[in-house]
Amino acid sequence: MKRVLCILTLCLMTCYVFSQQLIRVGDDGKSWNLFTRSTVYQLKVENNEVRMGYYGNKTLIEQTGRPLGAEIPVRGGYVNATPILEVIFPDGVRDVELAYQSYEIVNVDGFQTLKITQCDKHYPLEVISFISIIPEYDLIEKWVEIRNTGKKGNIKIENLLSGSIFLPKDAYELTHYAGVWGYEFTPQTTKLTPGLKTIQVKDFKSYGLSSFYIRPEGETDNYSGKVWFGSIKYSGNWRIDFDKSFNGPVQIAGGLNFWDQELNLKPGSSFTTPRMVFGYTELGVEGVTHCLTSYIREKLLPSSHREKIRPVLYNSWYATTFNVNEEHQLALAKVAKEIGVEMFVIDDGWFKGRVNDRAGLGDWTVDTNKFPNGLQPMIEKINALGLDFGIWIEPEMVNPNSDLYRAHPDWVFHFPNRQRHEGRNQLILNLAREDVVQYLYQSFHKLLKENNIKFIKWDMNKQMTDPGFPSAPTDEQRAVRIKYMENLYRLVETLRKEFPDVWFENCSSGGGRIDMAMNARYDFNWASDNTDPIDRIFIQDSYLTLFPANTMISWVTHEDWHRQNHPLEFKFNVCMAGVLGVGYDITKWTEAEKDVAKERITKYKEIRKTVQTGTPYRLVTPYESNRSIVQFVNKEQSESIVFVYNMAEYPNNVFTENRRSALVQLRGLMPDARYAFEGVNGIYSGDYLMKTGIEIPLRGAYKSRIFKIVKQ
Ligand code: GLA
C-alpha cells in the first residue's frame with residue numbers, strides 16, 4: 001500500500017512539474033524557450049549548431065535579437081569564445097565540429113530538463129547538453145555528458161566545463177568571494193574589462209567560493225537591478241572564466257578545472273560533468289540571496305534532515321585541543337546540559353595515538369590510553385544527561401606516524417623521486433583507489449554502528465599536493481582528482497544512507513571547502529576557525545548572502561583575535577544568527593557567565609525557527625557601516641527577528657562609512673499588518689517599518705541587541 005502511494009505521489013509530482021510547460025519548443029522543433037518564474041533562457045539551431053540567445057527577463061522575450069554564442073563553444077574554427085570542450089581524437093585532430101542531432105524533454109530529479117544532443121560531423125563524439133529548470137528560484141542548472149561512440153581509439157579530453165552563458169553586450173562589474181584561513185569569503189568587486197578574468201581552485205581548498213554575481217556597471221542598489229549569478233556544484237578543483245570581448249557580449253564559462261588534468265574516453269564510455277547553477281534576478285543582490293538560499297534550504301540539503309530544526313551544540317576543540325579524556329568530557333557535558341545545549345561534540349584527539357597533530361590520522365579506533373572503556377560507555381553517560389553525542393573525523397588524511405601509513409605507504413598520493421609535501425604533518429589518502437575508499441567505509445561504518453553517534457564533523461585540513469598515483473595506468477594518472485571527488489561523494493552518501501539519523505558537518509580548516517555540492521551532502525558548514533565576533537560578523541555577512549542560516553554553525557569561544565575582550569552576550573548574539581554552538585572550557589565558567597549562556601540559549605530556542613527557516617535580509621552590511629543589521633522573516637510574515645551589532649561607536653557623520661540615516665527600514669513584512677516591536681515602544685504597520693523605518697536604540701561599541709517583531 002505504502003509503495004503504491006509512493007508511486008502515485010511520484011506520478012502526481014511528475015504530472016505537476018510537467019503540466020507547467022516550462023520548456024516551449026518552436027514550431028520548427030529547433031528553437032526552445034526555457035522559463036523560470038521570471039526569466040527566460042533561449043536556444044535555437046542556426047547553421048546546424050545549437051546557439052544561445054537571450055537570458056534574462058521573460059517579459060522581453062519578443063524583443064530579443066540574434067543568438068549571442070554557441071551553447072557548447074568548442075576548440076575549433078574561429079576562436080571567438082572560451083571553449084568549454086577541447087579534445088584530441090585518436091588521429092591527432094584537435095578541432096571539434098558539432099552538428100545538431102535531436103532534443104528531448106526529460107525529468108531529472110523532479111525538474112524539467114532540456115536535453116540536446118549534438119555530434120561531431122566526422123568523429124564518434126556525442127555531446128549532450130542538459131539544462132534543468134528550477135522555476136520557483138529563478139535558477140537553471142547546466143551540465144554536459146560526452147560519449148565516445150566509436151569502436152576503437154580513446155578520445156582525450158583536455159577541457160570540458162559544465163556550461164557557458166553569454167550576457168548581452170554591456171559594461172559589467174563582477175563580485176566574487178576570495179579569502180584566506182580565518183578570513184573567508186571576502187567580497188571582491190571588479191570591473192570586467194576586455195580580456196579574461198578567471199577564478200579557480202587548484203589544490204582542493206578555497207577560502208573563496210565559486211559563487212559570484214555580475215551587475216551592469218554602476219548598479220549598486222541592494223534591492224533592485226539586474227543581476228546574473230552562478231555557482232558550481234563541485235568541491236574539487238573548479239574554474240570560472242569571465243571572458244569579455246572588446247565589442248561584444250560577456251561569456252561566463254565554468255566547471256571542472258582541467259589544469260593538470262585530462263580524461264581518456266575509451267570507446268563506448270562517457271563522462272558527465274558536475275553541474276553549474278545560473279540565475280537571473282532584477283531584485284538586486286537581495287534577489288540573489290533569496291534565490292540561492294531558498295533553493296539550498298528547500299530543495300538541496302540532505303532530505304533526511306532538511307526540515308529539522310538544528311540543535312544547540314557544544315564542541316570541545318577550543319576547550320581541550322588534543323587533550324581529551326572521559327572525565328573532562330563528562331564534566332563539560334554536564335555544564336553543557338545545564339546551560340541548554342542539546343548536542344555534545346568531541347572534536348579532534350579521541351582516536352589511537354592522537355596526542356598531537358603529528359600522529360594518529362588514519363587509525364579510526366578509540367585511543368584506549370585516553371578512553372580505557374572505549375567511547376560507548378561515555379556516550380551512554382552523556383545520553384543519560386539528555387544530550388546527543390557527536391564526533392570529529394578527518395577521513396581523507398593520514399599521518400605518516402600511524403598504523404595505517406606503516407601498513408600501506410602506497411595509499412597516499414605521491415610521485416616517485418619527488419619530495420612529498422606534508423601540511424599539518426599529514427598526507428592525503430589516494431581516494432581514487434577503491435581499497436582506500438573501502439577501508440574508510442569499513443572504519444566509519446564500524447564507528448557509527450558500535451557507538452551511539454548522532455553527529456559527524458568531517459574535516460579536511462590539507463591542500464592537495466603531489467597528486468601522483470604511480471601504479472595506475474599512465475592514461476588514467478591525470479584523472480585522479482576527478483575520481484577522488486566522485487569517491488568522496490559516494491563515501492559520504494553511503495554512510496548517510498546507512499545512518500540516516502546522523503547529522504553531518506562539513507569543515508576544511510574552517511571554511512576551506514564550502515559549495516553547493518557539499519550542501520547537498522552535509523547539513524552544516526563550519527564557516528571559519530576564526531570565532532572572534534567582529535571578524536565573524538564580516539564572514540557571516542558573506543555566508544548569509546549565499547547560504548542559508550540553518551547551515552552555518554557558529555560557536556561562542558574565548559578566542560579574541562584582536563584583544564578586544566568582547567562581552568559574552570555580544571558573542572552569543574553573533575552566533576545566534578546561525579546554528580548556535582558553544583566552544584569555551586565551560587567547566588571554568590563563573591555562575592554569572594553560565595547565567596548569560598542560559599539566558600541566551602533560552603532566547604535562541606525561542607527565535608531559532610525563524611532564524612533557521614526564515615527569509616534573510618541584510619539590512620546594513622559591515623562593509624558599509626560601523627554596524628551590521630541582519631533580519632529574518634518567517635514564511636507566514638508573522639514574526640521577524642532583527643540582529644543589530646555595533647562594531648564601533650563614532651559620532652554620527654564623522655566617517656564616510658557612517659554617513660547614513662539612523663533610521664533602519666525593515667524588509668519582508670506585510671504592509672497592511674500591524675507589528676509589535678519588542679524593546680521599542682509602540683505598534684507599527686508593516687508599511688511604516690519598511691518605508692519610514694525606525695531608529696534602533698543601541699549605543700556603544702560591541703553592543704548588540706536581538707529584536708523580535710510580532711504581527712498583532
Ligand atoms: C581544523 C578545524 C578545527 C578543529 C581542528 C582539529 O583546524 O577547522 O575546527 O576541528 O581542525 O584538529
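Order of listing sets the numbers, starting from 1, for every ligand and every atom in it. If you read the sequence from its start, that first residue is 1, and numbering goes on from there.
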Tested for ring-ring contact (aromatic ring centres under 6.0 Å, His included) against F444, the lone hit among F351, W364, F504 is W364

Residues T198 and R239: side-chain donor-acceptor under 3.5 angstrom = no

Ligand-residue contact atoms, ligand 1 with C507, heavy atoms, under 4.0 Å | 2 (C), 8 (O)

Write out the residue and atom name of the closest protein heavy atom to atom 4 (C) of ligand 1, then the distance separating them to 0.1 Å.
-> D347 OD1, 3.4 Å

Do me a favour and list the nearest non-hydrogen protein atom to atom 12 (O) of ligand 1 with residue, atom name and distance?
-> D348 OD2, 2.6 Å

Give a yes or no on this: more than 12 heavy atoms of other residues, nucleotides or ligands lie within 6.0 Å of atom CG of D501.
-> yes

Is there a donor-acceptor contact under 3.5 Å linking the side chains of E394 and W392?
-> no

Is the closest N or O pair between G510 and ligand 1 shorter than 3.5 Å?
-> yes

Nearest to atom 11 (O) of ligand 1, what protein heavy atom do you find, and at what distance?
-> D459 OD2, 2.9 Å

Which residue and heavy atom of the protein sit nearest atom 7 (O) of ligand 1, plus the separation = D529 OD2, 3.3 Å

Of the options D347, D523, D348, which is the one that meets K457 in a salt bridge (charged side-chain N to carboxylate O under 4.0 Å, His left out)?
-> D347

Per-atom contacts of ligand 1 with S509, taking only distances under 4.0 Å to non-hydrogen atoms | 8 (O)

Does an N or O from R354, backbone or side chain, lie closer than 3.5 Å to an N or O of ligand 1?
-> no

Have a look at ligand 1 and work out which part of E505, if any, has a heavy atom under 4.0 Å from it: side chain, backbone, both or neither.
-> neither

Any side-chain donor paired with an acceptor under 3.5 Å for D532 and N530?
-> no

H562-D535 side chain donor-acceptor pair, cut-off 3.5 Å | yes

Look at ligand 1 and say whether K457 reaches it with a heavy atom at a distance under 4.0 Å.
-> yes

